[in-house]
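Every value quoted in this text rests on a predicted model; they were computed, and no experiment measured them. One-based numbering, in listed order, for ligands and for the atoms of each.
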Amino acid sequence: MSKFSDYNFAGHKALVRVDFNVPLDKKTFAITDDNRMKATIPTIKKILKDGGSAILMSHLGRPKDGPEDKSSLKHLVPHLKELLGGTNIVFADDCIGEQANASAKNLQPGEVLLLENLRFYKEEEKGDEAFAEKLSKLGDVYVNDAFGTAHRAHASTAVIAKFFPPANRMFGLLMEAEVASAEKVMHETQKPFVAIIGGAKVSDKILIIENLLERATDIIIGGGMAYTFMKANGGKIGNSLCEEDRLQTALDLMEKANKKGVCIHLPADSIIADKFAADANTSAAPSNNIPDGWMGLDIGASACDQFSNIIKKSKTILWNGPMGVFEMANFQHGTKAIATAVANSTQNGAFSLVGGGDSVAAVNQFGFADKVSYVSTGGGALLEYFEGKELPGIAAIK
Ligand code: 3PG
Ligand code: MG
């Protein structure tokens, strides 16, 4: 593979896999979170500045039956143009075929071509070789900047790489930055290393916790999943979220942690509510003694202190998943307190990586994005990376 920043794109047509899988308003198709688009702009700009042209390809959503308006990448064209400072964007309403070929062929240095949604073809997700080869013909250099999709072994993310000689395939700047910060946490770890894991379900996080048991000093568990752990320990959790079929898993994880000398921290107390609603009545209770009819929807004040103290003494911080239902004002204090602790620790020299859809949304919502070391554009991809899996999108380039 080549190094992106050393490559001179003058006269080249760079085929760039981006992850423009951004959320759109259902009615107006306005982009409601453009972070993934913004994150890949430096890559595109460098190609254009060198005197190359960029052919961008992406998926959007999960269309099942071919083309559909709500998943069309055409909705992104005006905003992309704006992000690129007014650069004209040519749009091809099919990612392969005559129009795409002609548009790519006619593309001039400094111009951008955006291809229609790759997933309008089933071949994309199947990793079809012939489809990958057709795409590959559109450019002479392949740049993968789609970290968010790096866990998918799809035609455009993995299979396509072999149609380019190693010297003409590379990561983009976003992919490089994502991989560098993930590696900093996983392989160049400064201890103490705390992993903060939240979210609703234990079942989604078993593999990452297992893998982190090999590396972390402390694992903080918050969010809905904490109550499965509480109940497994014999606690009374009222109507809190619980995966009954994961109680044994929770016990096993805690036992493994114990053997390895990793401290698993559960929230001492919780903010409880009498229903899952923004206007619920609220109170506070120990997380292992929640009355019937009440449910824990956020970590409590003692838990905030408990967790903040651990974060404060850590040198490496990985945060995936919120501490409570931060979308509702009454239950966002815990997530905010953790964001504050992570920001303070970062200011004191710790390296902090925040990833996974909801924790990233929280960090953005509370204005902490530039107070942590790195905010990842990867959800599933980041999770799989920290589960210890090799990501096909990375392996294919290497
Ligand atoms: C994501 O948002 O997770 C990536 O863009 C990959 O999309 P997918 O989960 O539909 O494969
Ligand atoms: Mg996903």
Side-chain angles (χ1 to χ4, degrees), residues 16-26 29 31-41 43-44 56-68 70-73 75-76 79-80 95 114-128 131-132 135 143-161 171-172 174-175 177-179 182 197-201 203-208 320-322 353-364 375-387 389-397:
V16 191
R17 179 45 158 114
V18 292
D19 187 343
F20 282 177
N21 186 26
V22 291
L24 300 183
D25 181 276
K26 282 191 180 65
F29 302 118
I31 299 158
T32 54
D33 178 351
D34 69 347
N35 280 303
R36 280 183 166 174
M37 290 177 73
K38 272 196 207 140
T40 195
I41 295 300
T43 298
I44 303 168
L56 310 180
M57 55 178 177
S58 179
H59 72 290
L60 176 62
R62 292 178 174 175
K64 285 280 160 277
D65 271 314
E68 56 181 27
K70 67 170 187 184
S71 303
S72 173
L73 280 159
H75 302 305
L76 274 55
H79 192 57
L80 181 61
C95 63
L114 176 65
L115 303 176
E116 181 56 289
N117 197 337
L118 296 158
R119 289 192 185 172
F120 286 170
Y121 287 86
K122 289 202 175 20
E123 288 86 342
E124 163 66 356
E125 287 176 78
K126 285 190 182 138
D128 184 89
F131 178 70
L135 290 171
V143 178
N144 190 346
D145 216 19
F147 179 73
T149 325
H151 57 319
R152 306 293 183 213
H154 294 172
S156 69
T157 59
V159 180
I160 194 170
F171 296 151
L174 172 62
M175 185 74 115
E178 293 274 4
V179 172
I197 307 292
K201 288 157 95 193
S203 46
D204 291 341
K205 304 287 164 89
I206 296 166
L207 295 175
I208 188 171
N320 175 280
L353 169 56
V354 185
D358 285 345
S359 28
V360 171
V363 160
N364 285 327
V375 179
S376 178
T377 57
L382 193 82
L383 202 61
E384 290 196 22
Y385 180 90
F386 283 103
E387 286 172 355
K389 291 183 188 145
E390 180 171 72
L391 305 186
I394 293 175
I397 293 265

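- Between the side chains of Arg17 and Ser156, at least one donor N or O sits under 3.5 Å from an acceptor N or O.
- Taking a cut-off of under 4.0 Å to the non-hydrogen atoms of Asn21, the atoms of ligand 1 that pass are 1 (C), 2 (O), 4 (C), 5 (O), 7 (O).
- Proximity annotation for atom 4 (C) of ligand 1: of Gly61, Gly148, Gly379, Gly148 comes nearest, heavy atoms only.
- Inclusion of Asp19 in the set of residues having an N or O under 3.5 Å from an N or O of ligand 1 is warranted.
- The closest approach between any non-hydrogen atom of Gly380 and ligand 1 is not below 4.0 Å.
- The part of Arg119 lying near ligand 1 is the side chain, judged by heavy-atom distances below 4.0 Å.
- Residues Arg62 and Arg119 form a side-chain contact, since some pair of their non-hydrogen atoms from C-beta on lies under 4.5 Å apart.
- Between Phe131 and Val159, every side-chain heavy-atom pair lies at or beyond the 4.5 Å cut-off.
- In this structure, the side chains of Leu174 and Thr377 come closer than 4.5 Å at one or more pairs of heavy atoms.
- Here the heavy atom of the protein found nearest to atom 7 (O) of ligand 1 is His59 NE2, 3.1 Å.
- A salt bridge between Arg36 and Glu178 is absent, with no side-chain N of the basic residue lying under 4.0 Å from a carboxylate O of the acidic one.
- Contact annotation for Arg36 and ligand 1: only side-chain heavy atoms (C-beta onward) come within less than 4.0 Å of the ligand.
- Judged purely by distance below 3.5 Å, without hydrogens or angles, the side chains of Thr40 and Asp145 pair a donor atom with an acceptor atom.
- Short contacts between ligand 1 and Arg62, defined as distances under 4.0 Å to a heavy atom of the residue, involve ligand atoms 8 (P), 9 (O), 10 (O).
- Contact annotation: Glu125 has no heavy atom less than 4.0 Å from any atom of ligand 1.
- Of the polar atoms of Arg152, at least one N or O is found under 3.5 Å from an N or O of ligand 1, judged by distance alone.
- In this structure the side chain of Phe147 reaches within 4.5 angstrom of the side chain of Leu382, judged on heavy atoms.
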